[in-house]
Amino acid sequence: MDSETKTQGLEIPTPKEFNFTECLAILGRSDQELLHTISGERITKLLNAEGELVLFELSYSGSALHIEFLHRSPSEQGKQAVMWYVMDWFDLETDLQPFYAMAASDPVLREVVEQHAGLRIMGMPDLFEAFAWAITGQQINLTFAYTLKRRLIENFGSSTKVGEVEYWTFPSAGTIASLEVGQLRELQFSGRKAEYIIGIARELANGHLVKEELVSKTEQQVEKQLVAIRGVGPWSAHYVMMKCLRFNSAFPISDVGLHNALKEQLGMGRKPTIAEIEGFAKNWTGWQAYATFYLWRVLL
DNA sequence: GGCCAGGCTAGCA
DNA sequence: TGCTAGCATGGC
């Protein structure tokens with residue numbers, strides 16, 4: 001790009017409890033990921049800011065995240081959208097000190113939290129993406145779940161090609177709302193998953209499900225509302241509350257990954273029972289989501 | 001080749 | 001109210 005089209009970047013200060021490398025480890029988990037690209041210590045991502053496709057690059061230095069806009073100069077609204085997205089994505093507004101104070105004396109969390117200090121719950125600010133990913137991941141192995149996600153994006157997402165690289169956004173709820181079940185079956189989604197995902201896309205598209213309304217309710221109210229949606233059980237509800245709605249008390253207690261992480265971390269030789277997990281979690285009140293996320297980190 | 005996978009629904013007692 | 005077969009297929 002020539003110097004005249006180069007745009008002014010943005011800078012977002014990060015909290016003391018922040019480790020970019022730890023966050024990158026999460027984002028680099030799958031080599032099938034199309035929603036962002038990682039090169040060294042830089043992340044490139046395409047964002048759909050109310051119809052405007054904004055491509056940006058994220059890096060970290062000097063206690064701040066740096067955003068550079070690539071390809072073309074976005075509108076002021078586009079820039080603002082990217083800034084809010086990044087703050088939400090990295091959960092920069094949560095003060096982790098109380099969590100760390102609790103974890104320091106918790107026999108289950110102490111080691112893993114110390115080891116990965118500065119890791120933050122890498123979120124999914126887009127509510128439809130969070131639901132779709134939760135449903136896609138139900139009861140299938142993660143590798144296959146990523147394959148399904150990639151196909152969904154390649155078939156129904158938006159993209160921009162810069163040089164040799166194509167950057168993608170997750171399909172909008174509006175796009176998926178207009179599909180028939182058979183169109184997702186072709187991508188090897190099960191009939192059930194196809195029905196669930198299209199159903200939720202329609203709830204979002206017709207305004208029956210609004211993120212801004214959900215985040216203003218209590219955890220109990222939200223759980224009740226989400227579980228009433230076909231295809232959303234307790235695990236998915238808590239997954240969405242944790243990754244998108246940012247309830248730090250969300251707790252997907254039946255999660256197989258959590259069970260395997262506890263088994264490994266505690267050297268149990270078997271997966272813990274739900275009752276045992278409830279016992280471990282007695283001191284985690286208010287921070288169950290962070291406890292879960294740090295334990296997931298063990299499995300990477 | 002068999003068990004497991006970041007579960008959920010619907011139908012049954 | 002509580003229990004569980006069936007889903008649907010890939011990964012390892």
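Keep in mind that this is a model prediction, so the values were computed, not measured. A, B, ... follow the sequence lines: proteins, then strands. Residue 1 opens every chain.
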Figure out the [atom1]/[atom2] separation between [X] and [N], and round it to whole Å.
X      : N     : atom1 : atom2 : answer
A:D255 : B:dC8 : CG    : C1'   : 15 Å
A:I274 : C:dC3 : CD1   : P     : 14 Å
A:L184 : C:dT9 : CG    : C1'   : 15 Å
A:F189 : B:dC8 : CZ    : P     : 16 Å
A:Q188 : C:dC7 : CD    : P     : 17 Å
A:H259 : B:dC4 : NE2   : P     : 15 Å
A:H238 : B:dG7 : NE2   : C1'   : 14 Å

_Sidechain N-carboxylate O distance under 4.0 Å for A:R270, A:E276_ = yes
_Side-chain ion pair, A:K79 and A:E76, N-O less than 4.0 Å_ = yes
*Determine the contact category for A:K243: base if any of its heavy atoms lies under 4.0 Å from a base atom, sugar-phosphate if only primed atoms, P, OP1 or OP2 are that close, otherwise nothing.*
nothing
_For a quick check of understanding: with a heavy-atom distance under 4.0 Å over all strands, which category does A:P252 fall into, base, sugar-phosphate or nothing?_
nothing
*Could you list all the ring-ring contact (aromatic ring centres under 6.0 Å, His included) pairs where at least one residue sits in residues 141-187 of chain A, not counting sequence neighbours?*
A:F128-A:F170, A:W133-A:Y146
Under 4.0 Å between a side-chain N or O of [X] and OP1 or OP2 of [N]?
X      : N      : value
A:K193 : C:dG10 : no
A:N260 : B:dA5  : yes
A:R185 : C:dT9  : yes

*With nearest nucleotides of DNA chain C determined for A:G191 and A:Q32 from heavy-atom distances, which residue corresponds to the more 5′ nucleotide?*
A:G191
Which atoms of nucleotides 10-13 of chain B (N or O only) lie under 3.5 Å from a protein N or O atom, and what are those distances?
from	atom 1	to	atom 2	distance (Å)
B:dA10	OP1	A:R230	NE	3.0

_Within 6.0 angstrom of A:E52 CD, more than 12 heavy atoms from elsewhere_ = yes
*Near A:Q77 CD, under 6.0 Å, is it more than 12 heavy atoms from other residues, nucleotides or ligands?*
no
*Between residues 131-149 of chain A and DNA chain B, which residues have a heavy-atom gap below 4.0 Å?*
A:G137, A:Q138, A:Q139, A:I140, A:N141, A:L142
*So what does the secondary structure string of DNA chain C come out as, 5' to 3', with Watson-Crick or wobble pairs under 3.5 angstrom, [ ] for crossing and | for pairs with another strand?*
|||||||.||||
_Going by side chain to side chain contact (heavy atoms under 4.5 Å, CB included), A:E22 matches just one of A:Q115, A:R120, A:M122, A:R297. Which one?_
A:R297
_Plane angle bin for A:F56 and A:W89 - parallel if under 30°, tilted between 30 and 60°, otherwise perpendicular_ = perpendicular
*Indicate the ring-plane relationship of A:Y100 and A:Y294, choosing parallel, tilted or perpendicular according to the 30° and 60° boundaries.*
perpendicular
*Please tell me which of A:A228 and A:M242 maps to the more 5' nucleotide of DNA chain B, matching each residue to the nucleotide holding its nearest heavy atom.*
A:M242
Please set out all donor-acceptor pairs under 3.5 angstrom arising from side-chain atoms of residues 90-98 of chain A, sequence neighbours excluded.
from	atom 1	to	atom 2	distance (Å)
A:D91	OD1	A:T94	OG1	2.9
A:D91	OD2	A:T94	OG1	3.0
A:D91	OD2	A:Y290	OH	2.6
A:D95	OD1	A:Q97	N	3.0
A:Q97	NE2	A:E17	OE2	3.2

_Side chains of A:L214 and A:L226 in contact at under 4.5 Å (non-hydrogen atoms)_ = yes
*Look at the side chain of A:Y196 and decide which nucleotide, out of B:dG7, B:dT9, C:dG10, has an atom nearest to it.*
B:dT9
_Going by side chain to side chain contact (heavy atoms under 4.5 Å, CB included), name the residues that satisfy it together with A:S254, two or more places apart in sequence or in a different chain._
A:W235
*Please measure how far the P atom in C:dA8 lies from the corresponding atom in B:dG1, and state the result in whole Å.*
24 Å
*For A:T218 and A:Q221, does a side-chain donor sit closer than 3.5 Å to a side-chain acceptor?*
yes
